[in-house]
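Here the structure comes first, spelled out in structure tokens, and everything after it is commentary.
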2 protein chains.
Amino acid sequence: MQMNKVIDILMIEDDFEFAKLLGSFLEKHNIKLKNYTDPFIGLSVPLEKFDLVILDLTLPGLDGLQMCKEIRKKSAVPIIISSARSDIEDKIKGLNLGADDYLPKPYDPKELVARIYSVLRRYKKIEEKNEPLLLDEKNSTIYLNSKALSLTPAEFEVLKILIKNYGNSVSKEQILYSSTVFANSSSNSLAVIINRVRKKISSIGSIKTVRGVGYRLVYHENS
Amino acid sequence: MQMNKVIDILMIEDDFEFAKLLGSFLEKHNIKLKNYTDPFIGLSVPLEKFDLVILDLTLPGLDGLQMCKEIRKKSAVPIIISSARSDIEDKIKGLNLGADDYLPKPYDPKELVARIYSVLRRYKKIEEKNEPLLLDEKNSTIYLNSKALSLTPAEFEVLKILIKNYGNSVSKEQILYSSTVFANSSSNSLAVIINRVRKKISSIGSIKTVRGVGYRLVYHENS
DNA sequence: TATAATTTTAAATATTTGTAAAATTTTACT
DNA sequence: AGTAAAATTTTACAAATATTTAAAATTATA
């Protein structure tokens, strides 16, 4: 996996030797591991310095599940629980307390790396959404600079397809046949709707016509 | 876990009996499972209808990893790979291809449920605390921001169906035939009830009309 | 049975989509 | 460049569909 940025991970694990070994392995994968053998000290660390937390369940003095709960109270940082207890109930409790993954010990460190990247990929996807038009299909809503656009159903369908095919042009037929909304539409009716959508998104982009074919969404330079 | 909304899951699994069994287990946890034994048919399904995909790795005719790749090409839908192959290399490949989790078979279905919720929580597909409308079917009550809404029987039925189908639109017929409350209703009577429910939930959401079809519940942005 | 609450009906209003004609832009040809 | 044909856009209005209102009918409740 291609990665330019070093990933900072906080681990709470009382087996110091294991932590050291794991740390040097992760280093090769662009991951910097900071381990605390003492959960109380680990908890006092500023969590925002880290991209992810690896939590051992069998900690001295404090239950790892309890710790997971404590972390979730103050932060949404991704958590991977790792534990020698492969008890199903522990797994379920851990995941329900807000952990993102649960990895039974012993594990192959390569799997840990894959899971770290998987969790972070998931996490990032939510963070980085800087497109001027944001499609929320479940809510049938399109946000223009995080403000909901007021669109009629037909307008929504058209813009939805254009957003989904951003970067490519879309044929008129592709739009017309995409939804029952256009069940009895002539192709001129589509032109009318395109015209109306154009006005509504004019502040951030435009719909270029691809003559003889269809349309293509483009954003303005500074968007 | 308290849950309003039914979670729609697409599964690609050639063991039909297993799928059936799992489906009825998940049902108890508010999860609706749609299984396809044929990966090619499964791939042709509109992915945006589903909240998550469960993928079996050992499929006839097509490699599961290949399938994972195909899905990722067209969608960011969460994917959990489940496989009898507990080979580390497969795990790593799967996770690196964009899967969100990898669950070796055989697994406890309870763990699957926990992992489904964990993945969806990360995707913010499910609102943990801020679900503005909470359905309590046993007590025939709907809470708006934890305050009981005053609804007539017909209003309750309508809103219940809309909440349960949050994310999808519901046809007028589907509502009308759902309960004896509407035994002798014209479709205009439904419009009147929708109108009244709209007023009651206006602070946190709205009911969008799907022209020619029915209605769909949506929540406001800041809810 | 009377009263209140709820649902239904029907008519008025409002919104969304479709149509057709005019205006504009693009293309290809001279 | 100039021009005619084709494609696309715009406009204004018509048609279809959905919403709102208020009052009548029904149902539930005391």
Side-chain angles (χ1 to χ4, degrees), chain A residues 139-142 148-162 165 168-203 205-218, chain B residues 139-142 148-162 165 168-203 205-218:
Chain A
N139 275 315
S140 291
T141 307
I142 291 169
L149 251 182
S150 162
L151 296 165
T152 70
E155 291 166 3
F156 174 81
E157 280 303 315
V158 167
L159 190 50
K160 179 177 90 179
I161 292 172
L162 290 171
N165 291 280
N168 304 309
S169 55
V170 183
S171 74
K172 293 178 192 174
E173 290 71 26
Q174 206 176 330
I175 299 173
L176 251 16
Y177 296 152
S178 70
S179 163
T180 54
V181 174
F182 310 107
N184 43 2
S185 301
S186 68
S187 98
N188 184 18
S189 151
L190 176 58
V192 174
I193 290 164
I194 287 279
N195 177 26
R196 301 206 260 246
V197 174
R198 276 182 169 136
K199 285 173 186 164
K200 292 191 179 182
I201 67 163
S202 61
S203 68
S206 61
I207 298 171
K208 286 251 161 85
T209 95
V210 184
R211 187 162 245 253
V213 181
Y215 299 95
R216 187 164 56 94
L217 175 66
V218 300
Chain B
N139 293 308
S140 293
T141 308
I142 291 169
L149 252 182
S150 159
L151 296 166
T152 70
E155 290 166 4
F156 175 80
E157 280 304 315
V158 166
L159 191 49
K160 180 178 90 180
I161 293 173
L162 290 171
N165 291 280
N168 302 311
S169 56
V170 184
S171 74
K172 293 176 190 173
E173 291 70 27
Q174 207 176 330
I175 299 173
L176 253 15
Y177 296 152
S178 71
S179 162
T180 54
V181 174
F182 310 107
N184 43 2
S185 301
S186 69
S187 98
N188 184 18
S189 152
L190 176 58
V192 175
I193 290 164
I194 288 280
N195 176 26
R196 300 206 262 250
V197 175
R198 275 184 168 134
K199 285 173 185 164
K200 293 190 179 182
I201 67 163
S202 62
S203 68
S206 62
I207 297 171
K208 287 214 171 154
T209 97
V210 184
R211 191 165 240 250
V213 181
Y215 299 95
R216 177 195 319 229
L217 175 67
V218 304

To the nearest angstrom, how far is [X] atom [atom1] from [N] atom [atom2]?
| X | N | atom1 | atom2 | answer |
| --- | --- | --- | --- | --- |
| A:R196 | D:dA12 | CZ | P | 13 Å |
| B:E155 | C:dT8 | CD | P | 12 Å |
| A:I193 | C:dT16 | CD1 | P | 12 Å |
| A:L151 | C:dT15 | CG | P | 16 Å |

- [ ] Indicate for each nucleotide in nucleotides 4-10 of chain D, in 5' to 3' sequence, whether protein heavy atoms under 4.0 Å reach the base (B), only the sugar-phosphate (S), or nothing (-).
- [x] --BBSBB
Open item on the list: Tell me the closest heavy-atom pair linking B:E173 and B:V213, and the distance in Å.
Closed with: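 Between these two residues, the closest heavy atoms are OE1-O, 4.5 Å.
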Just how far is it from atom [atom1] of [X] to atom [atom2] of [Y], taken to the nearest 0.5 Å?
| X | Y | atom1 | atom2 | answer |
| --- | --- | --- | --- | --- |
| A:R216 | A:K208 | CZ | NZ | 6.5 Å |
| B:L176 | B:E157 | CG | CD | 11.5 Å |
| B:L217 | B:I161 | CG | CD1 | 12.5 Å |

Open item on the list: Using OP1 and OP2 only, check whether a side-chain N or O of B:S189 sits under 4.0 Å from C:dT8.
Closed with: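 For B:S189, the contact criterion (side-chain N or O under 4.0 Å from OP1 or OP2 of C:dT8) is met.
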Open item on the list: Quick one: does any side-chain atom of A:R198 pair with a main-chain N or O of A:I207 as donor and acceptor, under 3.5 Å?
Closed with: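 Yes, A:R198 side chain to A:I207 backbone: donor-acceptor pair under 3.5 Å.
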TODO: May I ask you to test the A:Y215-A:S169 pair for a side-chain heavy-atom distance under 4.5 Å?
DONE: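 Not touching, per the 4.5 Å side-chain cut-off.
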